[in-house]
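Side-chain atoms are counted along with the backbone in the values below, which use heavy atoms only and exclude waters and symmetry mates. Computed from a predicted model, the values in this text were never measured in an experiment.
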Amino acid sequence: MNKKIFGCIFVFFAGLCAFADFNRFNIPDSAEIRRAKAESWFFGELGQLREKKSEIEKNAVGQEFQIRMEETDSTFAVVVAPKTLLETEIFTEKGVEKRTVDNFAGDSCGGWVLVKDSKNSKPLFLRIYFSQDSDEFVQFAPSGAKTLSDFVISGLYAARSVPLGIPFEKLYTLSFEQIFSLTENLLPWKYADRQQGQFESKLQMIAAIRKNLERVVYCPDSCYDENGKPIFISSGKERKIDFEEIEKTSGKIENPVVVDDAGFLKWICDGLVEPVTGSFLYRNPLVMPTSEENKTGKKSIISQNYYLSFSLDWCRNLAAAALSVKSHRNYLWKDSGVDVTLEPFASEVTDRGITQTAGYLKNSGYQIEKLKPLLFVLASTEPTYCYLAAIKRPLQDKKLSDSEIFAFDRCAVIFPLYDKNGRFNCVIFENGRELTFKQFAEKYKGSFIHLSRVLTENNFYLQ
């Protein structure tokens with residue numbers, strides 16, 4: 001993996017020797033401070049630490065760290081936290097003023113947290129934050145003479161209890177680079193790889209879509225055919241657009257794009273295809289079935305009136321069509337490899353403790369509650385792809401009270417990425433609107449999300 005750019009972006013002092021606190025990953029490192037303070041802070045009893053005041057020390061390059069003790073009902077923690085600047089609002093006599101204040105957060109990039117048992121002061125675990133996102137960290141715990149290591153992303157374990165061949169207390173004074181060298185072949189660091197410039201085509205597509213969102217007008221069962229003419233998705237027949245009605249309801253829109261959520265995704269994929277082929281994608285191949293579910297009983301009866309796998313088929317076939325154009329080969333969905341079936345996590349942290357986690361389910365995808373950690377991984381391992389998301393949720397029909405019948409009836413496009421500071425971001429477009437991940441997850445709580453990958457391109461033009 002590329003070791004030059006990682007996690008946080010800070011100023012790098014190139015002339016410093018290898019023992020300087022700033023390492024080649026540009027993560028603020030408190031190793032020198034910890035070596036000097038280890039005896040008094042890391043090996044002291046709880047009673048002794050209660051009497052100590054927090055201290056602020058500088059490393060060799062002038063980065064400030066605060067060392068302090070924090071206590072809960074059953075544990076206490078020794079925290080070594082780098083200084084960051086926090087924008088805040090202060091209420092004064094003149095009104096609200098914006099000010100920048102010093103902040104020493106233990107879960108900020110470069111944070112180092114040693115947690116111990118309050119009863120006997122024995123160490124429980126050590127957590128090291130290497131990313132701008134506090135959801136990502138490595139964790140170590142003593143186990144007899146061994147040390148066990150974890151790699152955690154948003155509450156899910158990408159690696160858990162991996163033996164590390166050094167005594168636990170040895171970690172107290174190691175630099176981040178030394179810890180990385182020890183675990184490079186043990187932990188999945190590729191999931192945290194950051195490289196500048198790798199999201200260029202993604203960002204260009206996002207900007208183009210945002211610029212054209214105001215043109216999108218929702219109309220059910222609508223998309224454009226291979227010639228750019230409006231048609232019904234359900235039948236493929238031509239449909240007439242009432243532009244006067246659109247102007248009444250939505251105001252005057254120059255060159256409106258009249259689609260539903262499925263038509264919206266086709267419009268985006270057409271923006272990738274048309275510059276290469278000179279035409280848009282055909283409708284008929286996009287509604288070809290891609291799954292053969294065993295439909296029995298009530299589900300069999302309902303499927304006669306409802307297209308239960310519509311958005312799954314639509315997204316898979318769109319992705320396969322885009323791949324066919326890019327590769328100059330005709331791919332059917334089953335041979336295209338566009339499905340995301342990655343299972344990078346084995347367990348998760350829950351209210352019941354650490355439990356086994358559910359990964360990819362065939363023809364269903366991922367539980368939306370488990371989607372964000374997966375997108376973290378995909379942003380690192382597949383930085384040039386966006387994902388067509390087929391949404392499987394309880395059938396939306398008030399006449400049917402049976403919530404056990406699920407249907408793929410909605411779809412969106414997802415662009416996971418890291419910004420220039422290494423912070424995770426997820427841009428989602430659905431039905432002509434942009435959503436945050438939080439909005440998307442709340443809207444489809446309890447649903448499954450099936451992802452089909454599409455290569456992003458700089459050569460992208462929306463009709």
Heavy atoms of F104 and A81 approach each other most closely as CD2-O, 3.4 Å
Given 3.5 Å as the limit, does a donor-acceptor pair link the side chain of S452 with the main chain of V338, or not? no
ring-ring contact (aromatic ring centres under 6.0 Å, His included) for Y172 and F168? Distances and angles first, verdict last. CA-CA 8 Å; Y172 292 179; F168 179 76; 5.7 Å; yes
Working to the nearest 0.5 angstrom, can you tell me the gap between K119 NZ and F76 CZ? 14.0 Å
Please step through side chain to side chain contact (heavy atoms under 4.5 Å, CB included) for the pair I153 and F151, ending with a clear verdict. CA-CA 7 Å; I153 303 176; F151 195 103; 3.9 Å; yes
Consider only side-chain N and O atoms of S364 and K392, and report whether a donor and an acceptor are under 3.5 Å apart. yes
Parallel, tilted or perpendicular: which fits the ring planes of W189 and F176, with parallel below 30° and perpendicular above 60°? perpendicular
Which donor-acceptor pairs under 3.5 Å do the side chains of residues 339-346 make with protein atoms, sequence neighbours left out?
unit_1: D339; atom_1: OD1; unit_2: R316; atom_2: NE; d: 3.3
unit_1: D339; atom_1: OD1; unit_2: W333; atom_2: NE1; d: 3.1
unit_1: D339; atom_1: OD2; unit_2: R316; atom_2: NE; d: 3.2
unit_1: D339; atom_1: OD2; unit_2: R316; atom_2: NH2; d: 2.9

Contacts of K370 that satisfy salt bridge (Lys or Arg N to Asp or Glu O under 4.0 Å) - sequence neighbours left out: E348
So which pairs with a foot in residues 372-387 pass side-chain hydrogen bond (donor to acceptor under 3.5 Å, both in side chains), sequence neighbours left out? R194-S380, E382-Y387, E382-R453
Nearest heavy-atom approach of W314 to A262 is NE1-O, 2.9 Å
How many angstroms lie between atom CG of L281 and atom CG of D270, to the nearest 0.5 angstrom? 5.0 Å
Taking D135 for its side chain and S154 for its backbone only, find out whether a donor-acceptor pair lies under 3.5 Å. no
F199 and N425, any side-chain heavy atoms less than 4.5 Å apart: no
Do the side chain of R35 and the main chain of T173 share a donor and acceptor less than 3.5 angstrom apart? yes
Yes or no on ring-ring contact (aromatic ring centres under 6.0 Å, His included) for W267 and F280, after CA distance, side-chain angles and deciding distance? CA-CA 9 Å; W267 176 64; F280 306 121; over 10 Å; no
Please check if the side chain of Q178 supplies one atom and the backbone of S175 the other of a donor-acceptor pair under 3.5 Å. yes
Donor-acceptor check, side chain of D150 to backbone of V152, threshold 3.5 angstrom: yes or no? no
May I ask you to decide if the ring planes of F437 and F440 are parallel, tilted or perpendicular, using 30° and 60° as cut-offs? tilted
Taking all heavy atoms of P188 and all of A158, pick out the closest pair and write down the distance. CG-CB, 3.8 Å
Whether over 12 other heavy atoms sit under 6.0 Å from Y282 OH: no
Could you please spell out the steps behind the ring-ring contact (aromatic ring centres under 6.0 Å, His included) verdict for F137 and Y129? CA-CA 5 Å; F137 54 84; Y129 294 90; 5.5 Å; yes
Between the main-chain N or O of T75 and the side-chain N or O of T72, is there a donor-acceptor pair closer than 3.5 Å? yes
CD1 on I414 to CG on L374, rounded to 0.5 Å: 9.5 Å
Is the shortest side-chain heavy-atom distance between L308 and L395 below 4.5 Å? yes
Would you say the side chain of Q63 lies within less than 4.5 Å of the side chain of K83, judging by non-hydrogen atoms? yes
List in chain and number order the residues that pass side-chain contact (heavy atoms from CB on, under 4.5 Å) with K326, two or more places apart in sequence or in another chain; answer none if no residue qualifies. L455, E457
Return the CG to SG distance between L318 and C269, rounded to the nearest 0.5 Å. 4.5 Å
How long is the span from the NZ atom in K443 to the CZ atom in R410, to the nearest 0.5 Å? 7.5 Å
Show the numbers, then the answer: is there a side chain to side chain contact (heavy atoms under 4.5 Å, CB included) between L126 and F42? CA-CA 11 Å; L126 167 64; F42 306 149; over 6 Å; no
For a 4.5 angstrom cut-off between non-hydrogen side-chain atoms, does V325 reach L272? no
For E55, the option from K52, K53, K58 that meets salt bridge (Lys or Arg N to Asp or Glu O under 4.0 Å): K52
Minimum heavy-atom separation for L388 and A319, please, with both atom names. CD1-N, 4.0 Å
Under 3.5 Å, side chain of N431 to main-chain N/O of D261, donor-acceptor pair present? yes
For a side chain to side chain contact (heavy atoms under 4.5 Å, CB included) check, start with the C-alpha distance between F415 and F429, then their side-chain angles and the critical distance, and finish with the verdict. CA-CA 9 Å; F415 293 85; F429 297 106; 3.9 Å; yes
Hey, can you tell me if F424 and Y418 have their rings parallel, tilted or perpendicular (30° and 60° cut-offs)? perpendicular
Polar side-chain atom of S121 near backbone of L46 as donor-acceptor pair, under 3.5 Å: yes
Check whether any side-chain heavy atom of E169 lies under 4.5 Å from a side-chain heavy atom of P142, and answer yes or no. no
Residues S324, N330; criterion side chain to side chain donor-acceptor pair (under 3.5 Å); working and verdict: CA-CA 5 Å; S324 297; N330 289 325; 4.9 Å; no
Treating T84 as the side-chain partner and N103 as the backbone partner, does any N or O pair qualify as donor plus acceptor under 3.5 Å? yes
Minimum-distance pair of heavy atoms, taken over all atoms of V79 and G106: CG1-CA, 3.7 Å
Going by salt bridge (Lys or Arg N to Asp or Glu O under 4.0 Å), name the residues that satisfy it together with R210, two or more places apart in sequence or in a different chain. E434
Only counting residues at least two apart or in another chain, list the ones meeting salt bridge (Lys or Arg N to Asp or Glu O under 4.0 Å) with E71. R50
Kindly say whether V287 contributes a backbone atom to a donor-acceptor pair with the side chain of D313 at under 3.5 angstrom? no
Show your working on ring-ring contact (aromatic ring centres under 6.0 Å, His included) between Y360 and Y366 and close with a plain yes or no. CA-CA 5 Å; Y360 175 78; Y366 303 88; 5.5 Å; yes
Compare all side-chain heavy atoms of D409 with those of F310 and state whether any distance is below 4.5 angstrom. no
Between L265 and C315, what is the shortest heavy-atom contact and its length? CD2-SG, 3.8 Å
Separation of L312 CG from I391 CD1 (nearest 0.5 Å): 12.0 Å
Let me see the working for R393 and Y444 under side chain to side chain contact (heavy atoms under 4.5 Å, CB included), right down to the final yes or no. CA-CA 7 Å; R393 59 178 182 162; Y444 294 112; 4.0 Å; yes
So that I can tick it off, tell me whether D29 and R34 are bridged by a salt bridge, with the cut-off set at under 4.0 angstrom between side-chain N and carboxylate O. yes
